[in-house]
Amino acid sequence: MCGAAKFLSLLQGCNSMDRLRKIHAQVLLQGYHGHPAVSAKLLSFCATSTAGDLAYARLLFSGLLCPATDHWNALIRGSSRGPAPLDALSLYNAMMRGASSRPDAFTFSFLLKACALAKAEPKCREAHASIVRSGFSSHVIVGTNLVRAYADNGSIDEARRVFDEIPDKDLVAWNSMISCFCHAGLHDDALKVYDRMRHSGLALDDFTVVGLLSSCAHLGALGFGVRIHKFAEENGFLRRNVFVGNALIDMYAKCGRLDEARSVFDGMRRRDNFTWNSMIVGLGIHGHADEAISLFQRMLMAGVRPNSISFLGLLMACSHHGLVENGIKYFHRMGSAYSIKPDLKHYGCMVDMYGRAGKLDEALEFIHSSPFKDDPVLWRMLLSTSRIHGSVEMGEIAIQNLIEMSAHNAGDCVLLSDIYEHARDSQGVARMRKMVKDQGIKTTPGWSWIEIHGEVRKFVVGDTSHAESEEIYKKLEEMISRAASLGYATERSADWLKNFVDSTTDYHSEMLAIALGLLRTPKGTSLLIVKNLRVCKDCHSLTKYASRIYDREIVVRDRVRFHHFKEGICSCNDYW
DNA sequence: CTAGGGTTAG
């Protein structure tokens, strides 16, 4: 074997820097350091191998008289994955200043990886301009990377524009766009991409399926999810690929179908920690504490190591079910047995758990002893559990802390006002009203979704933008009058704010969604509503009546939990 | 083996 071939073969099998240094020494000794393929191989190992050494790569690079594109690429790639991704951009600029080599598609791919990681949107624009100048704007892989880079920098609209302009989009490009929309929370858009994909004649693969299922889960688009389930099963994705099963479990759980989630879980041949966690979290948000705990134990028996999400699921389950002792036990065990540091969400579950169980003093003490006592989240949690138990005193403590950190919002004022109202303290109610008015505190716009015949329909308060609006309002009036004859009284407790702000008497979004569901789905079909806020007392009560009057199961996914309404009763026992 | 895509929590 002649020299260069020998070195290339040696480098092929190289797996450590020690070994590499020895090979390098031989290369120098025998005068092969100027050989382009040998130096590229040396460089690429140092710059990009996990066992490599970026500093050594730079050293090798600086010894090159006339670095070729491949050399630059190796170094740019290595830098983009290192601790300082922006170095990749400086290298790129240096490359452009020199005349010895031009960038290729690989160069831009690595450069864009760096832009995505560096969270530097202006750098994306710079790279974008270079790509256009160098004539790579139609390259599908470069384009896909650019989409990702913009999306990871929060410029989803720019990502969308770049994507639309890729002339020959392949499967990876489409899948990438779907996952970018998912990450940006634009789940509607993710599902719309699917329609465009079908028209383009491309077959979906398991990546597509996973992305779409995630968006279905977020939207509560059960019908869409079921279709994808069928498709995944028919194409063998579900058997072959653990990601697909995991995404299905999550989709079914988030769409209120724990039974289906469970059956997917039971049918999986291989399970990873996502599988277990998705199931545990699913049980948690539905408040099935005993099952969540026993599943957690099975997970341990199966030798799968729990992580912070496993514990989050467990704690949610405990808090929704009042298992305070268990919750405390798991909260401590996650640190002592698994060295997992509880984060804000875990602390939130604990405050919620103490609070729901009526242990408001413990909740307060817990917040004070936590590392997150300066975060509004925990105080807001204390406030909302104070409402459950009608504690004026604790509610005032909570809002005072929120005010001190200038974090109080309209929702907080509504909560405290509810507490005052329950305590028949009309002055308190008036004070809250005044506070909102004087300080111009903004309300979070509420919305609800329902999926009808595979289409996600979104409603806001008093929405009249739908083609069926007239019908919807008629149906609601009918519902209310029938409910009234059965004893429903409009308490309108949380409505004062809405009336006050909008000067309207419009219906809340979930009731509009429910009315449309009743109108457009066959008798006996259960309805799933997804909301971004909590259900108000009035809607909760009306929905109970609706489930009875129309003999429908109505599932409402709240910001934090599920309400299963059936025959006039809600699974939360009016305790949320 | 020089490139681009995936799930839970937030």
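Residue numbers begin at 1 in each chain, while the letters A, B, ... track the order of the sequences.
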**Study point:** Distance below 4.0 Å between A/Lys113 side-chain N/O and B/dA3 OP1 or OP2
**Key:** no
Review point. In whole angstrom, what separates A/Asn307's CG from B/dT8's C1'?
Key: 8 Å
Review point. Which nucleotide in the set B/dT8, B/dT2, B/dG4 lies at the smallest distance from any side-chain heavy atom of A/Phe110?
Key: B/dT2
Practice item. When you get a sec, tell me which of B/dT2, B/dT8, B/dG4 is the closest nucleotide to the side chain of A/Phe274? Key: B/dT8
Revision key, fill the gap. note: A/Met177, atom CE; B/dG6, atom P; distance rounded to Å ~ 12 Å
Exercise for review: Would you classify A/Val142 as touching base, sugar-phosphate or nothing, given that sugar-phosphate means primed atoms plus P, OP1 and OP2, and contacts are heavy atoms under 4.0 Å?
Suggested key: nothing
Exercise for review: Compare the minimum distances between each of B/dG4, B/dT2, B/dT8 and the side chain of A/Ala173, then state the nucleotide with the smallest one.
Suggested key: B/dG4
Study note, to complete from the structure: Separation of B/dT2 atom P from A/Leu75 atom CG, nearest Å, is 17 Å
Check your understanding: Within a reach of under 6.0 Å around NZ of A/Lys119, are more than 12 heavy atoms found that belong to other residues, nucleotides or ligands?
Key -> yes
Check your understanding: Is a side-chain donor-acceptor pair under 3.5 Å present for A/His320 with A/His286?
Key -> no
Check your understanding: Reckon A/Asp70 touches a base, only the sugar-phosphate, or nothing at all at heavy-atom distances under 4.0 Å?
Key -> base
Check your understanding: Hey, is CG on A/Asp168 packed in by over 12 heavy atoms from elsewhere, all under 6.0 Å?
Key -> no
Exercise for review: Among B/dA3, B/dA9, B/dG6, find the nucleotide with the atom closest to the side chain of A/Arg148.
Suggested key: B/dG6
Review point. Is A/Ser214 near enough to B/dT8 that one of its side-chain N or O atoms lies under 4.0 angstrom from OP1 or OP2?
Key: yes
Review point. Listed in order of residue number, which residues of residues 217-247 of chain A have a non-hydrogen atom at under 4.0 Å from DNA chain B?
Key: A/His218, A/Asn241, A/Phe243, A/Asn246
Exercise for review: May I have the distance from A/Trp276 (atom CH2) to B/dT7 (atom P), rounded to whole angstrom?
Suggested key: 22 Å
Exercise for review: Please work out if A/Leu171 contacts a base, only the sugar-phosphate, or nothing of the nucleic acid, heavy-atom cut-off 4.0 Å.
Suggested key: base
Review point. Of the nucleotides B/dG4, B/dG6, B/dA9, which has the atom closest to the A/Val210 side chain?
Key: B/dG6
Exercise for review: Answer with base, sugar-phosphate or nothing: what part of the nucleic acid does A/Asp250 contact at a heavy-atom distance below 4.0 Å?
Suggested key: sugar-phosphate
Review point. Is A/Asp164 paired with A/Lys169 through a side-chain N to carboxylate O contact shorter than 4.0 Å?
Key: no
Check your understanding: Crowded around A/Arg239 CZ? As in, over 12 foreign heavy atoms under 6.0 Å?
Key -> no
Point to revise | Neighbour count >12 (heavy atoms, 6.0 Å) for atom CZ, A/Arg262 | key: yes
Check your understanding: In chain order, what residues pass the ring-ring contact (aromatic ring centres under 6.0 Å, His included) check against A/His139, with sequence neighbours excluded?
Key -> none
Review point. Is any side-chain nitrogen or oxygen of A/Lys254 closer than 4.0 Å to OP1 or OP2 of B/dA9?
Key: yes
Point to revise | Contact check, side chains of A/Pro103 and A/Met96, non-hydrogen atoms, under 4.5 Å | key: yes
Practice item. For the side chain of A/Phe106, starting at C-beta, report the closest nucleotide among B/dT8, B/dA3, B/dG6. Key: B/dA3
Review point. Looking at B/dG4, B/dG6, B/dA3, which one has an atom nearest to any side-chain atom of A/Ser179?
Key: B/dG6
Review point. Hey, does A/His183 reach any base, or is it just sugar-phosphate, or nothing, if we go heavy atoms under 4.0 Å?
Key: sugar-phosphate
Review point. Can you name the ring-ring contact (aromatic ring centres under 6.0 Å, His included) partners of A/His187, sequence neighbours left out?
Key: A/His218
Review point. Rounded to the nearest Å, what distance is computed from the CZ atom of residue A/Arg270 to the C1' atom of nucleotide B/dT7?
Key: 13 Å
Review point. Of the candidate nucleotides B/dG4, B/dG6, B/dA9, which contains the atom at the shortest distance from the side chain of A/Asn145?
Key: B/dG4
Revision key, fill the gap. A/Asn273 atom CG is separated from B/dA9 atom P, nearest whole Å, by 14 Å
Practice item. Could you tell me whether the side chain of A/Asp343 has a donor or acceptor atom within less than 3.5 Å of a complementary atom in the base of B/dG10? Key: no
Review point. Side chain of A/Lys345: nearest nucleotide among B/dA9, B/dT8, B/dG4?
Key: B/dA9
Practice item. Please report, rounded to the nearest Å, how far the C1' atom of B/dT2 is from the CE atom of A/Met95. Key: 13 Å
**Study point:** Length of the line joining A/Phe372:CZ and B/dG10:P, which is rounded to integer Å
**Key:** 13 Å
